[in-house]
Amino acid sequence: MSHTDNDEIEDSSAPLIEHLAELRTRLIRSVIAFIIGIVLAFTVAEPILQFLLGPIEATLRQLGDPSPTMQYTSPQEYLFTLFRISMVFGFGLAFPVISHQLWRFVAPGLYKSEKGAFLPFLIASPVMFLLGASFAHFVVTPLAMAFFLGFADVSSIFANLLSNAATSVSDGVAGVPAASEPAVVPETADGIRITFFGKVNESLDITLKFIVAFGLCFQLPVLLTLMGKAGLVSAQGLGSVRKYAMVAILVLAALVTPPDVTTQVILFTVVYGLYEVSIFLVRIVERKREKELKEQGLWFEDEPDTENDPMFKEFDEDDDEPEDDTSRNKDKT
């Protein structure tokens, strides 16, 4: 192999090494931002947990539990729950930095028009995810908790003690059991009482699943509009498969929501509305692309329909007329 060939190989490999070094730098910065986000989120993990469990607390109080209580059954469970919250919300805090690093890595390889198409979707994606997460937390989760907890007697044992144990006046305060009278669990003769003692990690798992599921569902307009921008889907094509989309959304509603008709109808209405919004946005993208191509002189109208156009039919009829005898004789000659 000649010296020139070696130089060509080294020159061709240099850009790849530069790209890998750039990727490593962006990844390191993203990981550092993620770690900082986890640390910041861990400092407020307990208030976040109280916020996430708010729908369960409200449902328990509505069902008659004066002191909603949750438990954990292993020494490390509560700490791991807080760490899990820290990872999820830490990623949310670090997402602006991570998306900026992603943009800085991808942008040099894009054309100006591609940059203008990609950047809005990078901004719209977290916004739509937050809308979906908020809808899940404030609408879907309370309905789901009311449905699940409505099947059991959720009155805690503390409520039974307060309502059935003998009370007396102690230290001038009415309704407080006397210090000399120990609290006694009242006897029952009507079977086993089913009481809800929720585990922290399991209750949080349900809440986070709803948040992630609806956050991803709200990405539908972003995804379909981006595909329409790339020419992978069209408004006409999306409109032609509406009935299949409705079936798919109904199946999705049955999978990610409790077997409650109200919750399923709400999810179906919202997601199908997002599908119609996606069709509208794709149509706007198509019109904008058509306008740009016409300005550049690159847009070509569809070929005329020669089968249904009367003008072309007349020419076809003239061509189909039988030849006269003179023409036939000339051909024979």
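Computed from heavy atoms alone, side chains included, the values below leave out hydrogens, waters and symmetry copies.
- At a threshold of 4.5 Å between side-chain heavy atoms, the hydrophobic network of Ile, Leu, Val, Met, Phe, Trp and Tyr places Leu143 and Ile206 in one connected group.
- Counting heavy atoms of neighbouring residues, nucleotides and ligands inside a 6.0 Å radius, atom CZ of Arg61 exceeds 12 of them.
- Residues that satisfy the salt bridge (Lys or Arg N to Asp or Glu O under 4.0 Å) test with Glu22, not counting sequence neighbours, are Arg26.
- Closest non-hydrogen pair, Ile85 versus Ala45, comes out as CD1-O, 4.2 Å.
- Val97 and Ala33 make their closest contact through CG1-CB, 3.6 Å (heavy atoms, listed as atom of the first residue, atom of the second, distance).
- Here the straight-line distance linking atom CG of Leu250 with atom CG of Leu267 works out to 9.5 Å at 0.5 Å rounding.
- Of all non-hydrogen atoms in Ala41 and Ile48, the two that sit nearest each other are O-CD1, 4.3 Å.
- Scanning for side chain to side chain contact (heavy atoms under 4.5 Å, CB included) contacts around Thr207 gives Leu52, His137, Thr141, Ile211, with sequence neighbours left out.
- Nearest heavy atom pair, residue Pro47 against residue Val44, reads CD-O, 3.2 Å.
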Sequence neighbours left out, cut at 3.5 Å: what donor-acceptor pairs do the side chains of residues 274-285 make with other protein atoms?
| unit_1 | atom_1 | unit_2 | atom_2 | d |
| --- | --- | --- | --- | --- |
| Tyr275 | OH | Leu238 | O | 2.7 |
| Glu276 | OE1 | Arg242 | NH2 | 3.2 |
| Glu276 | OE2 | Arg242 | NE | 2.8 |
| Glu276 | OE2 | Tyr272 | OH | 2.7 |
| Ser278 | OG | Leu274 | O | 2.8 |

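- Between the OG1 atom of Thr81 and the CE atom of Met70 there is a distance of 11.0 Å, given to the nearest 0.5 Å.
- Applying the side chain to side chain contact (heavy atoms under 4.5 Å, CB included) criterion to Gln50, with sequence neighbours excluded, gives no partner residue.
- When hydrophobic residues (I, L, V, M, F, W, Y) are linked wherever their side-chain heavy atoms come within less than 4.5 Å, the members clustered with Ile36 are Ile28, Ile32, Leu40, Leu93.
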Original post:
Yes or no on side-chain contact (heavy atoms from CB on, under 4.5 Å) for Val241 and Tyr244, after CA distance, side-chain angles and deciding distance?
Top reply: CA-CA 5 Å; Val241 296; Tyr244 303 106; 4.0 Å; yes

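- Between Ile35 atom CD1 and Ser86 atom OG the span is 13.0 Å, to the nearest 0.5 Å.
- Although no hydrogens or angles enter the test, the distance criterion places a donor-acceptor pair under 3.5 Å between the side chain of Ser240 and the main chain of Gly237.
- A search for salt bridge (Lys or Arg N to Asp or Glu O under 4.0 Å) contacts involving Arg29 returns nothing, not counting sequence neighbours.
- A 4.5 Å side-chain heavy-atom check between Phe89 and Ile38 finds every atom pair outside the cut-off.
- Under the 4.5 Å side-chain heavy-atom criterion for ILVMFWY residues, a single connected hydrophobic cluster contains both Phe51 and Ile56.
- Contacts of Leu223 classified as side chain to side chain contact (heavy atoms under 4.5 Å, CB included), with partners at least two apart in sequence or in another chain: Met227.
- When side chains are defined from C-beta on, Cys217 counts as touching Leu252, because their heavy atoms get closer than 4.5 Å.
- Remark: Glu77 engages Lys199 in a salt bridge (Lys or Arg N to Asp or Glu O under 4.0 Å) (not counting sequence neighbours).
- The distance from atom CG of Leu224 to atom OG of Ser234, rounded to the nearest 0.5 Å, is 11.0 Å.
- Hydrophobic clustering of Ile, Leu, Val, Met, Phe, Trp and Tyr side chains at less than 4.5 Å, counting indirect connections, unites Val271 with Ile266.
- Within the structure, the ring-ring contact (aromatic ring centres under 6.0 Å, His included) test picks out the following pairs touching residues 55-77 (sequence neighbours left out): Tyr72-Tyr78.
- Proximity of Val270 to Phe214: side-chain heavy atoms (C-beta onward) are nowhere separated by under 4.5 Å.
- When the side chain to side chain donor-acceptor pair (under 3.5 Å) test is applied to Arg84, the partners found at least two apart in sequence or on another chain are Asp205.
- Considering all non-hydrogen atoms of both residues, Pro55 and Thr59 come closest at O-OG1, 2.8 Å.
- With sequence neighbours excluded, no residue satisfies salt bridge (Lys or Arg N to Asp or Glu O under 4.0 Å) with Lys288.
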Could you pull out all donor-acceptor pairs under 3.5 Å where a side-chain atom in residues 122-136 meets a protein atom, sequence neighbours excluded?
| unit_1 | atom_1 | unit_2 | atom_2 | d |
| --- | --- | --- | --- | --- |
| Ser125 | OG | Gln219 | OE1 | 2.7 |
| Ser134 | OG | Leu130 | O | 2.8 |

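- When the side chains of ILVMFWY residues are joined at heavy-atom separations under 4.5 Å, either directly or via intervening members, Val39 and Leu82 end up in two distinct hydrophobic clusters.
- In the hydrophobic cluster analysis, where Ile, Leu, Val, Met, Phe, Trp and Tyr join through side-chain heavy atoms closer than 4.5 angstrom, Leu208 is grouped apart from Phe91.
- With values rounded to the nearest 0.5 angstrom, Leu27 atom CG is found 10.0 Å from Arg24 atom CZ.
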